[in-house]
Structure formats: C-alpha cells, structure tokens
Amino acid sequence: MTLVGQTPGGPAKVAVLASALMGMINGSAIANVATTGTITIPLMKQTGYKKEFAGAVEAVASTGGQFCPPIMGAVGFVMAEFLNLSYTYVMLAAIVPAFLYYLGLLFAVHFEAKRLGLSGLSKENVPDAVKVLKEQGHLVIPLAVLIAMMFLGYTPLFAAVVAIAATILASWLRKETRMTWDKIVAACVEGAKGAVSVGVCCVIIGVIIGTVTLTSLGLNMGYLILSVVENANIYVTGALVMIMSTILGMGVPGVAAYVIVQAVAVPVLIEVNVLPISAHMFCLIYACLSNITPPVAMSSYVAAGIAGSNQTKTGLLSVRLGLIGFLIPFFFLDNPVLLIGADPAVTLAGSLWAFFTASVGTVALVGGLEGWFLRKSNWVERAVLIAVAPLMLYPGSFTDVIGFVVLAAIIAIQWFTCRPASPAAGNA
C-alpha cells in the first residue's frame with residue numbers, strides 16, 4: 001500500500017503485487033484467489049472498479065504467481081529436475097516473461113483507473129512503511145533464507161527444512177509474532193494436510209503420465225500435431241501445442257498441469273528445434289494460464305464468486321487482462337533472447353535491450369486494449385497501439401525501429417491534443 005496505494009487505482013495495484021508475492025509462494029492460483037481475493041476484491045469494488053473487473057484482476061494476478069521468480073511455487077523445482085539444471089538457471093529464464101505479465105496487468109488497472117477517473121487511497125489509509133518494517137520486517141527472514149540457499153545450490157528439500165526452522169526462530173524475535181508450541185504443532189498439521197493433497201495429485205499424475213508414455217499416446221499426439229503442420233512450422237506447431245496445453249491444464253493445479261503438459265508437448269516442440277528451456281517454459285505458462293481460460297477457468301470462477309459477478313464475463317475479461325501472457329511464449333520459441341541465460345550466444349546487453357523493447361510493446365498493447373494511453377484513445381489509435389505491440393515484442397532491430405517510430409507518432413498526437421490550450425490561444 002505504501003508503494004502504490006495513493007496512485008490512480010491504488011487498491012487494484014496492491015492486489016496485483018500482493019497476489020504475485022503470495023502466488024509465487026503457495027503455487028496454487030485457486031488458493032491464492034480464495035485467500036488474498038477476500039481482501040483485495042472488496043477493496044477494488046469500493047474504489048469504483050466494476051465487480052467483473054475486480055474479480056478478473058485478482059484471478060490474473062494470482063495465476064501469474066505460479067511462474068513468477070524467485071520462488072515460482074513448486075513448478076520451478078520440478079522443471080529444474082526435468083531439465084537436469086540448477087534452479088537458478090530456470091529462475092533467471094522466467095524473470096522477463098513474469099515481469100512482462102505483471103507489467104501488463106499493472107498498466108491495465110492503471111489505464112482503467114484513468115479512464116474511469118478513479119483516485120488512490122487517502123493518505124490516512126496508507127500505513128507507515130517504516131513502522132510496519134520495524135514491527136514485522138523480521139518475518140521476511142525465512143523467505144530470504146530459502147532464496148539464498150537455493151542460489152547457493154542446496155536441494156529444495158534441504159532449503160525448505162532450514163527455512164522452516166528459520167521461520168520459528170524469526171517469530172521469536174518479537175513477542176507479538178512469537179510461535180508457541182501449539183502454533184508450531186498446528187502449522188505442522190496444516191503442512192501435512194497440504195502435503196497429502198499434493199501427494200494424491202502426484203499419484204493421479206503418475207497414472208496419467210504412465211498412460212501417456214507407456215501406451216505411446218504422447219508420441220502419437222505429437223506425431224499428429226507434426227503431421228498437421230507442413231514442414232513442421234514452428235509457430236503453427238506452437239499454436240497447436242498452446243491449445244493442447246490449455247486443454248490438458250484446465251481444472252488442474254499448476255504443478256500437476258505442467259507435469260501433464262510437458263510429458264506430451266515438450267517432445268513436440270523439441271522436434272521442431274525449440275530449445276529445451278524454451279519448450280518447458282512455453283508449456284508451463286500455458287498450463288498455468290488454463291486457470292483463467294474459459295470454459296474451465298477455475299481461478300476466474302472463484303474470483304467471480306467472491307466478487308458476486310458473472311462467471312463468463314469475469315473469465316473473458318481475465319483473458320483480456322492476461323493477454324500478454326498468451327503472446328509472450330511465441331516470441332521466445334525460435335529466439336530465446338527474452339529468456340535470460342537460455343542461449344549462451346545471446347549477450348546480456350542483447351537480453352536487456354529485448355527486455356526494454358518488449359516492456360514498451362507490453363504497455364502499448366495494454367493501452368490499445370484499455371482504450372487509454374496519454375488520454376482516451378479513439379479506435380484508430382487503439383488499433384495502431386495493438387499493431388505496434390508485436391513489432392516491439394519481436395526481438396529484431398528492424399521491427400524495433402518501425403515500432404518506435406509509429407509509437408512516437410501516437411505519443412506526439414496524444415500529447416498535443418490532450419494539452420490544455422494557452423490563454424493567448426483561447427483569446428484568439
């Protein structure tokens with residue numbers, strides 16, 4: 001709230017950031033909506049957002065946490081095992097896609113607030129950050145310990161055990177947060193119950209994967225996709241894999257959805273010369289986004305229940321708000337410059353430039369979809385902004401130049417047409 005609470009549409013931005021942080025830890029989009037949504041959705045509705053929009057914002061923000069570093073729920077650890085690489089490698093590759101996803105959502109709520117004329121929270125409703133950090137800042141220690149140990153190369157299991165111990169010790173630093181024996185036992189019981197549900201999912205997933213691999217169903221599905229695509233076109237193959245990933249991931253928790261999808265889809269993408277890390281990240285993002293993709297958009301439906309909104313409208317609006325997430329994977333299929341460290345041939349400077357241009361393209365896309373940039377945009381300006389976005393997202397110098405020129409023209413037009421006339425001009 002201190003960071004963004006007083007900006008236009010502040011409560012919605014608080015919802016985005018809080019859900020991203022919570023989602024990367026619990027790894028479940030549905031659970032994230034059910035927990036943070038009970039606080040953020042009513043707050044957004046009180047600010048002036050429509051109930052469908054409030055529910056969609058929470059659903060989209062909660063879903064992205066599953067592939068948001070530095071923790072990425074449990075999916076990042078699973079992907080590192082599949083790729084036989086360090087977790088740090090996977091985490092670095094996920095930084096740009098996750099950042100662009102949340103950048104698009106933040107600007108979506110900002111432009112919507114500007115369009116509706118909404119303000120942020122009043123100063124008296126924004127907490128004192130220094131006071132909060134003094135009273136509860138020590139509770140960040142376990143999270144810092146977990147991330148540090150993962151960076152140092154320790155196994156996820158060992159890092160988690162140490163982080164649990166750090167949680168108990170950190171709580172004892174202040175009397176107000178001290179965990180008693182009863183609370184420790186209750187936390188262990190709750191963790192065990194959560195582990196049981198994950199274990200049941202893994203058993204079911206094992207049956208599915210066994211069926212897919214031992215019966216050659218996965219290979220047949222892959223060959224079917226490749227046979228449909230003439231000369232194995234990488235983008236058409238990606239489109240078919242996207243549809244398959246979304247369908248297979250519907251109604252399934254993030255980790256389970258990714259494990260199911262990668263067993264079938266990753267070999268297909270690798271067959272058309274996609275790098276393994278790009279193939280896995282491609283399948284991960286679409287498996288997660290199935291949570292907001294109708295007709296089985298579980299996150300959107302839970303958010304709609306909390307917001308009291310229409311489920312179908314909330315689901316469709318969630319797709320629009322998360323559209324950048326559906327587009328990004330196609331731009332690193334054959335050119336993984338947006339995945340930091342994925343291709344040794346790509347320099348850090350090249351990745352940073354691609355990251356910058358993709359960020360500009362993301363803002364342009366959101367501006368076109370929301371109908372607001374520097375001011376309210378007409379249909380022509382909206383169409384141009386949407387057309388500029390792929391040019392900026394695609395990593396190439398020629399497309400970047402065209403995109404910047406066209407975007408500069410739109411900015412100039414809106415800047416000069418939204419500036420108030422001078423007194424002299426008014427008298428004239």
Separation between CG (Leu339) and CZ (Phe355), nearest 0.5 Å, reads 13.0 Å
Min side-chain heavy-atom separation Ile324-Val366 under 4.5 Å: no
Would you indicate whether the side-chain heavy atoms of Leu269 and Gln262 approach each other to under 4.5 Å? no
How about Thr357 and Thr399: do any of their side-chain heavy atoms sit closer than 4.5 Å? no
Is a donor from one side chain sitting under 3.5 angstrom from an acceptor on the other, for Thr314 and Ser309? yes
Any chance you could measure Leu321, atom CG, to Phe53, atom CZ, to the nearest 0.5 Å? 5.0 Å
Taking the six-membered ring for Trp, are Phe111 and Phe107 parallel (under 30°), tilted (30 to 60°) or perpendicular (over 60°)? tilted
Has Ser19 got a side-chain atom pairing as donor or acceptor with Val16's backbone, closer than 3.5 angstrom? no
Nearest 0.5 Å, what's the CE-CG distance between Met392 and Leu407? 6.5 Å
Heavy atoms only: give me the nearest Pro294-Ala297 pair and the separation to one decimal. N-CB, 3.8 Å
Return the CD1 to CE distance between Ile168 and Met179, rounded to the nearest 0.5 Å. 5.5 Å
Counting neighbours of CG on Asp128 that are heavy atoms of other residues, nucleotides or ligands and sit closer than 6.0 Å, is the number greater than 12? yes
Does Leu43 offer a backbone N or O that forms a donor-acceptor pair with the side chain of Gln46 under 3.5 Å? no
Return yes if some donor-acceptor pair links the side-chain N/O of Thr40 with the main-chain N/O of Thr36 below 3.5 Å, else return no. yes
Considering all heavy atoms, the nearest Ile41-Ala303 contact: CD1-O, 3.7 Å
Are any of the side-chain nitrogens in Lys50 or Glu112 under 4.0 Å away from the carboxylate oxygens of its partner? no
Near-ring test Tyr87/Phe77, centroid separation under 6.0 angstrom: yes
One thing to verify: whether Arg174 and Glu176 come together as a salt bridge, which I'm taking to mean a side-chain N less than 4.0 angstrom from a carboxylate O. yes
With heavy-atom distances below 4.5 Å as the criterion, would you say the side chains of Phe82 and Val259 are in contact? yes
Tell me whether Lys13 contacts the main-chain N or O of Pro8 through its side chain, where contact means a donor paired with an acceptor under 3.5 Å. yes
So, Tyr102 side chain and Ala61 main chain: donor-acceptor pair closer than 3.5 Å or not? yes
I would like to know whether Asn273 and Ile234 meet side chain to side chain contact (heavy atoms under 4.5 Å, CB included); could you show each step before the answer? CA-CA 8 Å; Asn273 299 320; Ile234 191 171; over 6 Å; no
Taking all heavy atoms of Val241 and all of Ala265, pick out the closest pair and write down the distance. CG1-CB, 3.5 Å
For the side chain of Lys45 and the backbone of Ala307, is there at least one donor-acceptor N/O pair under 3.5 Å apart? yes
For Gln136 and Thr177: C-alpha separation, side-chain torsions, deciding distance, then whether side chain to side chain donor-acceptor pair (under 3.5 Å) applies. CA-CA 8 Å; Gln136 298 180 332; Thr177 60; over 6 Å; no
Over 12 foreign heavy atoms within 6.0 Å of CD, Glu81: no
Could you tell me whether the side chain of Thr35 and the main chain of Asn32 form a donor-acceptor pair under 3.5 Å? yes
Distance-minimising heavy-atom pair for Lys313 and Asn310: N-OD1, 2.9 Å
Enter the distance from Leu338:CG to Phe331:CZ here, rounded to the nearest 0.5 Å. 9.0 Å
Would a 4.5 Å heavy-atom cut-off, applied to side chains only, mark Val162 and Tyr154 as touching? no
Between Met24 and Pro70, is any pair of side-chain heavy atoms under 4.5 Å apart? yes
Does some side-chain heavy atom of Pro276 sit less than 4.5 Å from a side-chain heavy atom of Leu85? no
Taking all heavy atoms of Ala163 and all of Leu146, pick out the closest pair and write down the distance. CB-CB, 3.9 Å
Relative to the ring of Phe282, is the ring of Phe332 parallel (under 30°), tilted (30 to 60°) or perpendicular (over 60°)? perpendicular
Given side chain to side chain contact (heavy atoms under 4.5 Å, CB included), test Leu240 with Val268 step by step and report yes or no. CA-CA 10 Å; Leu240 294 174; Val268 177; over 6 Å; no
Least distance between heavy atoms, Thr63 atom then Cys288 atom: CG2-O, 3.2 Å
For the pair Glu58 and Ile39, evaluate side chain to side chain contact (heavy atoms under 4.5 Å, CB included) and give the outcome as yes or no after the intermediate values. CA-CA 10 Å; Glu58 178 59 40; Ile39 301 171; over 6 Å; no
Is the shortest side-chain heavy-atom distance between Leu289 and Tyr101 below 4.5 Å? yes
Name the orientation class of the two ring planes belonging to Phe356 and Phe404 (parallel below 30°, tilted from 30 to 60°, perpendicular beyond 60°). parallel
What is the distance from atom OG1 of Thr362 to atom CG of Leu103, rounded to the nearest 0.5 Å? 5.5 Å
So, applying side-chain hydrogen bond (donor to acceptor under 3.5 Å, both in side chains) with Glu370, which one of Arg320, Arg382, Lys376 is it? Arg320
Would you call the rings of Tyr286 and Phe326 parallel, tilted or perpendicular, where under 30° means parallel and over 60° means perpendicular? tilted
Might you work through the side chain to side chain contact (heavy atoms under 4.5 Å, CB included) test for Leu391 and Val406, ending with a clear yes or no? CA-CA 10 Å; Leu391 297 175; Val406 176; 5.6 Å; no
